[in-house]
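What you are looking at is a predicted structure, and each value in this text was computed from that prediction instead of being measured. Just so we're on the same page: letters track the sequence lines, and every chain starts at 1.
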Amino acid sequence: MALIVIQFFPITLNESDTVPQSDFMVENQVPATIKNRLQVSCYDCHSNNTDYPWYSKIQPAAWYLEDHIQEGKDELNFNEWAEYSDRRKNSKLRSIISQIEEDKMPLDSYTLIHKDAILSDEDKRVIIDYMKALKDSLE
Amino acid sequence: MKTVKRIIGTMALAAIMVLTVSCKDGNKNEPAAPMSNEMHQESMDDKDNMAMNDNQDAKAILQDYFKLKDALVETNNDKAKQLGATLASTLGSFDASSYSDNEQQELKDILEDAIEHAEHISESDMAHQREHFKILSKDVTDMVAITGTEMKIYEQFCPMYKNNEGGAWLSMNEEIRNPYFGDKMLKCGKVQREIN
C-alpha cells in the first residue's frame with residue numbers, strides 16, 4: 001500500500017538542455033576522449049543534467065537518486081566550474097585527483113548499474129594526468 | 001473501493017502540494033557563494049568597532065584552527081571532527097565588511113574554500129582530515145596575510161608529508177609538533193617563517 005502511494009510523489013528532475021558557458025568543458029579545452037569519459041562517468045551527479053536510468057521512475061529509487069545528485073552537485077558541479085575561484089578550483093582538482101586515485105569515484109553503487117561508467121586504469125591515468133596539468137596551470 | 005481510491009488520491013495530492021512547496025526552497029543551481037550575503041548584511045554604522053570585530057573574528061578563527069591542529073597532532077579523529085565543525089562555523093561568521101573591495105573578494109574566496117575543508121574534516125577519516133588540513137592551512141595563512149595578527153605565529157613545514165610533497169601549518173609555539181604524522185614523526189619539520 002505504502003509502496004503504491006509513494007509512486008505518486010514527484011521529484012525534481014535534474015535536467016537541463018543547455019550547456020552553460022561556465023561549464024568545465026567550455027572553460028577548458030578538454031580533449032574529446034577525456035570529455036566523453038567525464039560525461040559518462042561523472043556528469044550524472046556532478047552537473048545540472050542527469051541522464052536518468054529506467055529505475056529512476058520508481059520510488060523510492062527516485063528519492064535515493066535525487067539525494068545523491070544533490071549531494072554530488074553540492075560537492076562539485078562541473079557546469080559551474082567558471083564560477084569557482086581559482087582557489088576553489090585548485091581544491092576541487094585536488095579532490096578529483098585523490099577520489100579517482102583512491103577508487104572512491106565513481107561510486108560503486110553507481111557503477112553497479114552503469115557499467116559504462118567504470119574507469120579503466122588507462123582512463124584513470126589519462127584523467128589524473130589531465131587534472132594535474134590543469135591544477136599546475138592554476139598555481 | 002471508491003473511498004479507498006479517493007483517500008489515496010487525496011493523500012497523493014496533498015503530498016504533491018507539500019513537495020512542490022518544499023522543492024521551491026531547494027534551489028537547484030545554488031550559487032557557490034553561501035557566505036557572501038551574510039557578510040554584506042551587517043550594518044556599517046560603526047567603522048572603528050567593525051575593525052576591532054574583524055580582528056576578533058580572525059583571532060577566533062586562528063584559535064579554533066590551533067585547536068584543530070592540536071587534535072591532529074594527537075591523532076584524535078573524533079576530536080578533529082568536532083573541531084572541524086566548530087571551525088567551519090567560526091569561519092562562517094567572519095565579517096569582512098570593513099575591508100577594501102579587493103580584500104573582501106579575496107577573503108570571500110579564502111573563507112569559502114576554508115569552510116569546505118573544515119566541513120570535510122568534520123566528517124572524514126584521519127588521512128583525509130590531514131589532506132584537507134594542508135589546504136586549510138594555506139587558506140588560513142592567506143587570511144592572516146590580509147587581516148594581520150596580534151599574536152606571533154610560526155609557519156612550520158614538514159617536507160616528508162604525502163610522499164615528500166610536504167605540508168605546512170601554523171602554530172603558536174616555536175617547538176615542532178607535527179599535525180601530519182602525529183607521534184609517528186612528532187618532531188619532523190622546521191620553522192619556515194615567523195608571522196607577526
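By the criterion of side-chain heavy atoms lying less than 4.5 angstrom apart, applied directly or through intervening Ile, Leu, Val, Met, Phe, Trp or Tyr residues, A:Phe24 is grouped together with A:Ile128 in one hydrophobic cluster. There is a path of hydrophobic side-chain contacts, each under 4.5 Å, that joins B:Met151 to B:Val140. Under the 4.5 Å side-chain heavy-atom criterion for Ile, Leu, Val, Met, Phe, Trp and Tyr, B:Met143 and B:Ile135 are members of distinct hydrophobic clusters. Hydrophobic clustering (ILVMFWY, side-chain heavy atoms < 4.5 Å, transitive): B:Phe157 and B:Tyr161 are in distinct clusters. Hydrophobic clustering (side-chain heavy atoms under 4.5 Å, transitive across Ile, Leu, Val, Met, Phe, Trp, Tyr) groups B:Phe94 together with B:Ile153.
Within residues 100-117 of chain A, the residues that have a heavy atom under 4.5 Å from a heavy atom of chain B are A:Glu102, A:Lys104, listed by number.
The 12-atom threshold is not exceeded at CD of A:Gln29, counting heavy atoms of other residues, nucleotides or ligands nearer than 6.0 Å. Summarising the local packing, CE of A:Met25 is surrounded by more than 12 heavy atoms from other residues, nucleotides or ligands at distances under 6.0 Å.
Between B:Glu116 and A:Arg87 there is no salt bridge, since no side-chain N of the basic residue sits under 4.0 Å from a carboxylate O of the acidic one. The pair A:Arg94-B:Glu165 counts as a salt bridge, with a side-chain nitrogen and a carboxylate oxygen less than 4.0 angstrom apart.
Atom CG of residue B:Asp113 and atom NZ of residue A:Lys89 lie 12.5 Å apart, to the nearest 0.5 angstrom. Interatomic distance, NE2 of B:His117 versus OG of A:Ser91, reported as 3.0 Å (0.5 Å rounding). For the atom pair B:Lys138 NZ and A:Asn90 CG, the distance stands at 7.5 Å (nearest 0.5 Å).
For a residue to count as touching a neighbouring chain, one of its non-hydrogen atoms must lie under 4.5 Å from one of that chain's; by this rule B:Asp142 touches chain A with the side chain only. In this structure, chain A has no heavy atom under 4.5 Å from any part of B:Gln105.
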